[in-house]
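Single-structure report; data block below.
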Amino acid sequence: GNVKEMKRLLAMVQSRGVSPNVFTYNILIKGFCNEGKVQEAMILLDEMVSVELIPDVVTYNTLINGLCKGHMVEEAKNLLGTMVRKGCMPDDFTYNTLIDGFCKAGMVQKACDLLQDAMFKGISPDQITYSTLVNGFCEEGNLERATEVFDEACKKGLGHNVIVYNALVKGLSEQGLFPEAFELVNKMLDSGCGPNIWTFNILMSGLCKKGNLYHAENLLNEALPNGCTPDIFTFNTLIYGFCKISKLDEALKIINKMR
RNA sequence: CGGUUUUACUUACUAA
């Protein structure tokens, strides 16, 4: 829908004696953001003010995330400034969202600056922050910094998290560093934070891109014994891999295994 | 502290 339609709905609800509150707007704003209609979501922010509702930290975080996902990171950062000016204190969600936005935009250094800003405000990095930064550095091809961040997370006791591990496993396997990637998976098993199907998919995808279907298919057989059920990503990855090396017959066999 | 809203990791294809 659009904002005009929304206004009609809200008017209808109000005519029944029920007024929308901040939650109502937050849900709507999230809805518009999910549809990629961030501009319309921003209009709702203005409208909240005009009906004397005070946007809260969730309102701003939702919009900041929408702007980041819409590749408008500078605007997102400006909104951080706006919320502070209006007396709404940013929280860990705010910073993690922005840090991810800047990482995904290829501005990892700015993401690190934001983390400094957050820490200055008394917000310390959590597992989400670390997975975000590990991922950011990996995407940049900077495995050294990615590993440093990972080690720092471990020192703080925040390293034993599947997503943090997966981010680094992905970075390693995308660079073709499979021995290191598998070593890390062994570390996961030792630390009681076992791999999940995402871990397997990440490794298999890396192997498939290198044309190493032998090891990729072996991994498929190791998933179940490790308590991971192959999913649609697993099979699509293998089918892609076999097609890439022109083994269409093998690709078709995978399709049969799916049934 | 009755409930409801916000952040991180995986496949391919498609556009430039």
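Just so we're on the same page: letters track the sequence lines, and every chain starts at 1.
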Exercise. Do K170(A) and E139(A) meet the salt-bridge criterion of a basic N to acidic O distance under 4.0 Å?
Worked result: yes
Problem set entry | Pairwise C1' distance for U6(B) and U10(B), with rounding to whole Å | 23 Å
Problem set entry | Gap between atoms CD1 and C1', on I99(A) and U7(B) respectively (whole Å) | 10 Å
Seminar exercise, completed: Considering only heavy side-chain atoms of I202(A), the closest of U5(B), U10(B), A8(B) is U10(B)
For this session: May I ask you to say what T97(A) touches in the nucleic acid, namely base, sugar-phosphate or nothing, with a heavy-atom cut-off under 4.0 Å?
Result: sugar-phosphate
For this session: Give the nucleotide from the list U6(B), U11(B), U10(B) with an atom nearest to the side chain of N236(A).
Result: U11(B)
Exercise. What is the nucleic acid contact for K69(A), judged by heavy atoms within less than 4.0 Å: base, sugar-phosphate only, or nothing?
Worked result: sugar-phosphate
Exercise. U5(B) P sits how many Å from N61(A) CG, rounded?
Worked result: 14 Å
Problem set entry | Which nucleotide in U11(B), U6(B), U10(B) has an atom nearest any side-chain atom of K30(A) | U6(B)
Exercise. Are V58(A) and F93(A) grouped together when hydrophobic residues (ILVMFWY) are joined by side-chain heavy atoms under 4.5 angstrom apart?
Worked result: no
Problem set entry | K104(A) side chain near U7(B) phosphate (N/O to OP1/OP2, under 4.0 Å) | no
For this session: Go through the N and O atoms of the side chain of T132(A) and the base of A8(B), and report whether any donor-acceptor pair is under 3.5 Å.
Result: no
Problem set entry | Nearest-angstrom distance from the residue atom CZ of F233(A) to C1' of C9(B) | 11 Å
Problem set entry | Carboxylate-amine/guanidinium proximity below 4.0 Å for E183(A) and K187(A) | no
Exercise. Are the ring of W198(A) and the six-membered base ring of U10(B) within the stacking cut-offs of under 5.5 Å and under 30°?
Worked result: yes
For this session: Would you indicate which nucleotide in C9(B), A8(B), U10(B) comes nearest to any side-chain atom of I128(A)?
Result: A8(B)
For this session: Could you tell me the separation between the CG atom of N21(A) and the C1' atom of G3(B), rounded to a whole number of Å?
Result: 13 Å
Exercise. What nucleic acid atoms does Y240(A) come within less than 4.0 Å of, heavy atoms only: base, sugar-phosphate, or nothing?
Worked result: sugar-phosphate
Exercise. Within the side chain of N226(A), is there an N or O that forms a donor-acceptor pair under 3.5 Å with the backbone of C228(A)?
Worked result: no
For this session: Could you measure between the two P atoms, the one in C1(B) and the one in U5(B), and give it in whole Å?
Result: 16 Å
Problem set entry | Rounded interatomic separation in angstrom, taking CD from E139(A) and P from C9(B) | 9 Å
Exercise. Out of U11(B), A8(B), U10(B), which nucleotide sits closest to the side chain of K209(A)?
Worked result: U11(B)
Problem set entry | K170(A) vs C9(B): side-chain N/O to OP1/OP2 distance below 4.0 Å | no
Seminar exercise, completed: I29(A) CD1 to U4(B) C1', in whole Å, measures 16 Å
For this session: Could you please name the option among C9(B), U11(B), U6(B) that lies closest to any side-chain atom of F93(A)?
Result: U6(B)
Exercise. Between E250(A) and K253(A), is the closest basic N to carboxylate O distance under 4.0 Å?
Worked result: yes
Problem set entry | Distance, rounded to the nearest Å, where N201(A) contributes CG and A12(B) contributes P | 11 Å
Problem set entry | Out of U5(B), A8(B), U10(B), whichever nucleotide has its closest atom nearest the side chain of N26(A) | U5(B)
Exercise. For F32(A) and U6(B), what is the distance between atoms CZ and C1' respectively, to the nearest whole Å?
Worked result: 17 Å
Exercise. Salt bridge or not for D151(A) and K155(A), using N-O below 4.0 Å?
Worked result: no
